[in-house]
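For the numbers below, each heavy atom of this structure counts, side chains included, while hydrogens, waters and symmetry mates do not. As the structure is a computational prediction, the values presented were derived from the model and not from experiment.
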Amino acid sequence: QVQLVESGGGLVQAGGSLRLSCAASGSIFIIDTMGWYRQAPGKQRHLVAAITSGGSTDYADSVKGRFTISRDNAKKTVYLQMNSLKPEDTAVYYCNAELIERGRWNKRDYWGQGTQVTVSS
C-alpha cells in the first residue's frame with residue numbers, strides 16, 4: 001500500500017518561511033510527477049507547484065518567485081520551500097504523486113493527508 005506523509009506545516013507571520021516535506025512509501029515501482037496543492041476554506045483545491053521526475057517545474061502565478069519545489073528521487077520525497085509568506089497563502093497543503101505500483105502497469109494519483117499552513121498578518 002502506498003502512503004504519502006507530509007510534514008512541516010504550522011503558523012508563521014507574514015514575511016516568514018516554511019518548508020514542507022512529503023515522503024512516499026510502500027510498494028512503488030516508479031514515481032512520475034510530484035506536486036503540492038492547496039485548499040483554502042470555502043475554495044477549491046488547486047495546484048501550487050509540480051516537479052517531474054526529470055526536474056522540470058511548474059508554479060502557480062501567485063507563488064512564482066516565492067516558492068521553490070524540489071525532490072529527492074532516492075528518498076521518494078518532494079519539498080516545498082515557501083518564502084515571503086502572505087496571509088493569502090493560508091490553506092491546507094496537500095502532496096500529490098503520480099506513480100506506478102510494483103506489479104501494476106497503470107499510473108495512479110495518490111494524495112497525502114494534508115498539512116495546515118497559517119500565515120498571520
Side-chain angles (χ1 to χ4, degrees):
Q1 187 174 3
V2 174
Q3 283 189 317
L4 300 181
V5 179
E6 299 134 338
S7 61
L11 173 64
V12 64
Q13 287 188 331
S17 298
L18 284 174
R19 188 190 194 211
L20 305 182
S21 300
C22 171
S25 64
S27 185
I28 299 170
F29 174 59
I30 190 168
I31 303 177
D32 191 356
T33 300
M34 301 184 81
W36 290 94
Y37 289 70
R38 68 187 182 188
Q39 186 169 18
K43 296 188 177 181
Q44 290 188 327
R45 188 179 303 185
H46 64 90
L47 178 69
V48 176
I51 183 168
T52 67
S53 56
S56 296
T57 59
D58 187 29
Y59 295 92
D61 287 342
S62 59
V63 307
K64 284 180 181 177
R66 300 187 298 122
F67 292 10
T68 302
I69 190 170
S70 60
R71 65 190 280 175
D72 184 329
N73 291 328
K75 294 182 178 180
K76 299 184 179 65
T77 299
V78 63
Y79 307 96
L80 185 68
Q81 178 66 44
M82 305 184 293
N83 299 328
S84 302
L85 282 160
K86 304 175 181 180
E88 51 263 44
D89 294 317
T90 295
V92 177
Y93 284 69
Y94 295 91
C95 173
N96 171 267
E98 298 175 355
L99 60 86
I100 301 175
E101 292 181 70
R102 293 188 187 278
R104 296 183 180 270
W105 59 269
N106 57 316
K107 192 187 301 182
R108 292 179 58 189
D109 264 334
Y110 288 86
W111 293 89
Q113 79 284 359
T115 185
Q116 177 70 46
V117 171
T118 303
V119 184
S120 64
S121 57

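- Applying the disulfide (SG to SG under 2.5 Å) rule to pairs touching residues 13-100 yields Cys22-Cys95, sequence neighbours excluded.
- In terms of modelled atom types and a separation under 3.5 Å, the side chain of Gln13 and the main chain of Ser120 share no donor-acceptor contact.
- For Gln3, the CD atom counts as loosely surrounded, since its 6.0 Å shell holds 12 or fewer non-hydrogen atoms of other residues, nucleotides or ligands.
- For the pair Tyr110 and Val2, the tightest heavy-atom approach, listed with the atom from each and the gap, is CE2-CB, 3.8 Å.
- The minimum heavy-atom distance between Ser62 and Arg38, with the atom names listed, is OG-NH2, 3.4 Å.
- A continuous path of Ile, Leu, Val, Met, Phe, Trp and Tyr side chains, each step under 4.5 Å between heavy atoms, connects Ile69 with Leu85, placing both in one hydrophobic cluster.
- Under a hydrophobic clustering in which Ile, Leu, Val, Met, Phe, Trp and Tyr are joined whenever their side-chain heavy atoms come within less than 4.5 Å, directly or via other members, Val48 and Tyr59 fall into the same cluster.
- One finds the CD atom of Glu101 at 13.5 Å from the CD1 atom of Ile30 (value rounded to the nearest 0.5 Å).
- Salt-bridge check for Lys86 with Asp89: failed, with every basic side-chain N at 4.0 Å or more from each acidic carboxylate O.
- A continuous path of Ile, Leu, Val, Met, Phe, Trp and Tyr side chains, each step under 4.5 Å between heavy atoms, connects Val78 with Ile28, placing both in one hydrophobic cluster.
- Here the CG-CZ distance, from Asn83 to Arg66, works out to 9.0 Å after rounding to the nearest 0.5 Å.
- For the atom pair Asp32 CG and Leu99 CG, the distance stands at 9.0 Å (nearest 0.5 Å).
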Exercise answer: donor-acceptor pairs, residues 49-56 side-chain atoms, under 3.5 Å, sequence neighbours excluded:
{"unit_1": "Thr52", "atom_1": "OG1", "unit_2": "Gly54", "atom_2": "N", "d": "3.3"}
{"unit_1": "Thr52", "atom_1": "OG1", "unit_2": "Gly55", "atom_2": "N", "d": "3.3"}
{"unit_1": "Thr52", "atom_1": "OG1", "unit_2": "Ser56", "atom_2": "N", "d": "3.1"}

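- The two residues Ser121 and Ala14 come nearest to each other via the heavy atoms CA-CB, 4.4 Å.
- Two residues are said to be in side-chain contact when any heavy atoms from C-beta on lie closer than 4.5 Å; Trp36 and Met82 fail this criterion.
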Report task. Show your reasoning for whether side-chain contact (heavy atoms from CB on, under 4.5 Å) applies to Tyr79 and Thr68. Result -> CA-CA 8 Å; Tyr79 307 96; Thr68 302; over 6 Å; no

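- Smallest separation of non-hydrogen atoms from Gln113 and Tyr94: O-CE2, 3.7 Å.
- Cation-pi contact between Arg104 and Phe29: absent, since separation from the ring centre below 6.0 Å together with deviation from the ring axis within 45° is not met.
- Here the CD-CG distance, from Gln81 to Leu20, works out to 9.0 Å after rounding to the nearest 0.5 Å.
- The aromatic rings of Tyr93 and Phe67 sit tilted relative to each other, their planes meeting at an angle between 30° and 60°.
- At a threshold of 4.5 Å between side-chain heavy atoms, the hydrophobic network of Ile, Leu, Val, Met, Phe, Trp and Tyr places Val63 and Val12 in one connected group.
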Evaluate the criterion side-chain hydrogen bond (donor to acceptor under 3.5 Å, both in side chains) for residue pair Asn73 and Arg71; output intermediate values, then yes/no.
CA-CA 6 Å; Asn73 291 328; Arg71 65 190 280 175; 2.7 Å; yes

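- Across Thr90 and Val119, no two heavy atoms sit closer than the pair OG1-N, 2.9 Å.
- Atom CD1 of Ile31 is separated from atom NZ of Lys76 by 6.0 Å, given to the nearest 0.5 angstrom.
- Note that OG of Ser25 is 9.0 Å distant from CD of Gln1, once rounded to the nearest 0.5 Å.
- Under the 4.5 Å side-chain contact rule for hydrophobic residues, Val92 and Leu47 share a cluster.
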